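Just so it is clear, the model here is predicted, and its values are computed rather than measured. Numbers for residues simply follow the sequence, beginning at 1.
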Amino acid sequence: ARAAGVLKLQIVARGHLAAALHRQGDTPAAVAALEALPGFHDKLQDPVSRRDTQRQRANLLAASGRYADAAALYDEALRLH
């Protein structure tokens, strides 16, 4: 139970960190901050949160002009919806 709590806190913290980095203009660092999260969601068996993370990652990738990478994540988010 404690490990799950730590993962949930990591997810929230990294999500906020990514948003802050993006607002500061460091979108590549924002994308990197979110890279581990899909695995965390899988460990927690939380597909709804994985969907939200993939959508956030896709938005950041699209903002960086990485449209093909973003499209794959948008597709996954739609499948999880």
Side-chain angles (χ1 to χ4, degrees):
R2 181 184 166 130
V6 170
L7 284 177
K8 289 176 185 178
L9 289 173
Q10 286 261 341
I11 290 166
V12 171
R14 288 178 184 232
H16 289 298
L17 174 61
L21 289 166
H22 177 64
R23 281 193 302 275
Q24 292 174 350
D26 195 354
T27 303
V31 171
L34 300 175
E35 283 183 21
L37 297 191
F40 292 178
H41 296 304
D42 292 345
K43 287 180 184 176
L44 294 170
Q45 298 179 345
D46 187 358
V48 173
S49 294
R50 182 182 173 103
R51 175 202 66 201
D52 296 342
T53 293
Q54 297 302 65
R55 189 174 55 230
Q56 184 180 9
R57 292 176 67 209
N59 290 339
L60 292 168
L61 289 169
S64 330
R66 294 174 56 189
Y67 303 114
D69 295 330
L73 293 176
Y74 283 131
D75 286 343
E76 180 182 347
L78 283 171
R79 282 193 310 274
L80 292 169
H81 188 66

Check: For Asp75 and Arg79, what are the C-alpha separation, side-chain angles and deciding distance, and is it a side-chain contact (heavy atoms from CB on, under 4.5 Å)?
Finding: CA-CA 6 Å; Asp75 286 343; Arg79 282 193 310 274; 3.8 Å; yes
Next item on the list: Start with the C-alpha distance between Leu44 and Ile11, add both sets of side-chain angles, then the distance that settles side-chain contact (heavy atoms from CB on, under 4.5 Å), and finish with yes or no.
Entry: CA-CA 11 Å; Leu44 294 170; Ile11 290 166; 3.7 Å; yes
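The distance from atom NZ of Lys43 to atom CG of Leu7, rounded to the nearest 0.5 Å, is 6.0 Å. Atoms OG and CG, on Ser64 and Asp26 in that order, are 10.0 Å from each other to the nearest 0.5 Å. The CG atom of Leu73 sits 10.5 Å away from the OG1 atom of Thr53 when rounded to the nearest 0.5 Å. Between Asp46 atom CG and Phe40 atom CZ the span is 13.5 Å, to the nearest 0.5 Å.
Side-chain contact between Leu60 and Leu34 is present, with at least one heavy-atom pair separated by less than 4.5 Å. The closest side-chain heavy-atom distance from Glu76 to Arg51 is not below 4.5 Å. Pro47 is not listed as a side-chain neighbour of His41, based on a closest heavy-atom distance of 4.5 Å or more. Side-chain atoms of Val31 and Leu21, non-hydrogen and from C-beta on, never get closer than 4.5 Å to each other.
Residue Ala33 comes nearest to Arg14 through the heavy atom pair O-CD, 3.4 Å, listed as atom of the first residue, atom of the second, then distance. Residues Ala63 and His22 share a closest heavy-atom pair of CB-CE1, 3.9 Å. Scanning both residues, Ala62 and Ala70, for their nearest heavy atoms gives N-CB, 3.8 Å.
One hydrophobic cluster holds both Leu37 and Leu61 under the rule that ILVMFWY side chains link at heavy-atom gaps under 4.5 Å. In this structure, Leu80 is not a member of the same hydrophobic cluster as Tyr74, with clusters built from ILVMFWY side-chain heavy atoms closer than 4.5 Å.
Looking at Arg55, its side chain never comes within 3.5 Å of a backbone N or O of Ala77 through a donor-acceptor pair.
We find that Arg57 and Glu35 are not joined by a salt bridge, their nearest charged nitrogen and carboxylate oxygen being 4.0 Å or further apart.
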